[in-house]
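Indexing begins at 1, ligand by ligand and atom by atom, following the structure's order.
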Amino acid sequence: MPVVRGKTIEPLFTAEVIAERNLSLAQEIMRGPTDDLLVISVLKGSFIFAADLIRALHHAGLAPEVEFITLSSYGTGTVSRGVKIIKDIDSDVKDRDVLLIDDILESGRTLRFAKELMYERGARNVTIAVLLDKTEKRQVDLVADYVGFECPDHFVVGYGMDVAYAFRELPFVGVVTGDA
Ligand code: IMP
Ligand code: MG
């Protein structure tokens, strides 16, 4: 098992499996709404997935514009939790098809906020692509249009995802299982 920073990491989704899935996700996305497509990567965790997925979109024949938004959740509990914009996109989304890309869909708060925000700004269609879906952790009503993999209820790292800014560089998605 890989050892990084003195921790053993059990791979859940290998680089090869992810690469293959990205190609098929791009095919699915191509069959959805892609008119004047604006892809928005939801930072930070999605940066590697987005980098690979947009190249898979090119491979599938799409030529989107690409933007970034940094969102952060705040508060605890179920009532007082919210999402705020740390850094907004610069582009106008009015009458455009928008594809939001994120790493993990968990409670659903982050992506519901982003989706509603883009509709409020006049986007025509807002679809969501996530690498991982933790369906059983959902707390708001939200379904992703494109899902890489159903994710077991573990805290995962790698492929852009972190614990305290670490492990993002791993080419695979894994679970920290203990000290090596
Ligand atoms: P939610 O859907 O609003 O609860 O937030 C999902 C966000 O939480 C993701 O975009 C990640 O940034 C973060 N997150 C959730 N689960 C994990 C995990 O297992 N590893 C790393 N980040 C996670
Ligand atoms: Mg995130």
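Just one of Val126, Leu71, Val143, Val130 meets the side-chain contact (heavy atoms from CB on, under 4.5 Å) condition when paired with Leu111; it is Val130.
The shortest heavy-atom distance from Gly108 to ligand 1 is under 4.0 Å.
The nearest protein atom to atom 1 (P) of ligand 1, hydrogens excluded, is given as Ser107 OG, 3.3 Å; this is a heavy-atom distance. Nearest protein heavy-atom contact of atom 6 (C) of ligand 1 is Ile104 O, 3.5 Å. For atom 3 (O) of ligand 1, the nearest protein heavy atom (residue, atom name, distance) is Thr110 OG1, 2.6 Å. Nearest to atom 8 (O) of ligand 1 among the protein's heavy atoms is Glu106 OE1, 4.7 Å. Nearest to atom 10 (O) of ligand 1 among the protein's heavy atoms is Asp103 OD1, 2.7 Å.
A donor-acceptor contact closer than 3.5 angstrom is absent between the side chains of Glu65 and Ser91.
Close contacts between ligand 1 and Lys134 involve ligand atoms 16 (N), 17 (C), 18 (C), 19 (O) [criterion: under 4.0 Å to a heavy atom]. Residue Asp102 has at least one heavy-atom neighbour below 4.0 Å for each of these atoms of ligand 1: 10 (O). Interface atoms of ligand 1 facing His154, defined by a heavy-atom separation under 4.0 Å, are 19 (O).
Placement of Met30 and Leu25 within a single hydrophobic cluster is found when ILVMFWY residues are connected by side-chain heavy-atom separations under 4.5 Å, directly or transitively.
For the pair Arg124 and Asp36, the minimum side-chain heavy-atom distance is 4.5 Å or more. In this structure, Leu131 and Val173 have side chains that are in contact, with non-hydrogen atoms separated by less than 4.5 Å.
With respect to the salt-bridge test (charged N to carboxylate O, under 4.0 angstrom), the residues Arg21 and Glu16 do not qualify. A salt bridge does not link Arg168 to Asp103: none of the charged side-chain nitrogens sits closer than 4.0 Å to a carboxylate oxygen.
Crowding of Glu20 atom CD: a count of heavy atoms from other residues, nucleotides or ligands under 6.0 Å not exceeding 12.
Considering backbone and side-chain N/O of Val156, one or more are found under 3.5 Å from N/O of ligand 1.
Inside a 4.0 Å radius of atom 19 (O) of ligand 1 there is at least one protein heavy atom.
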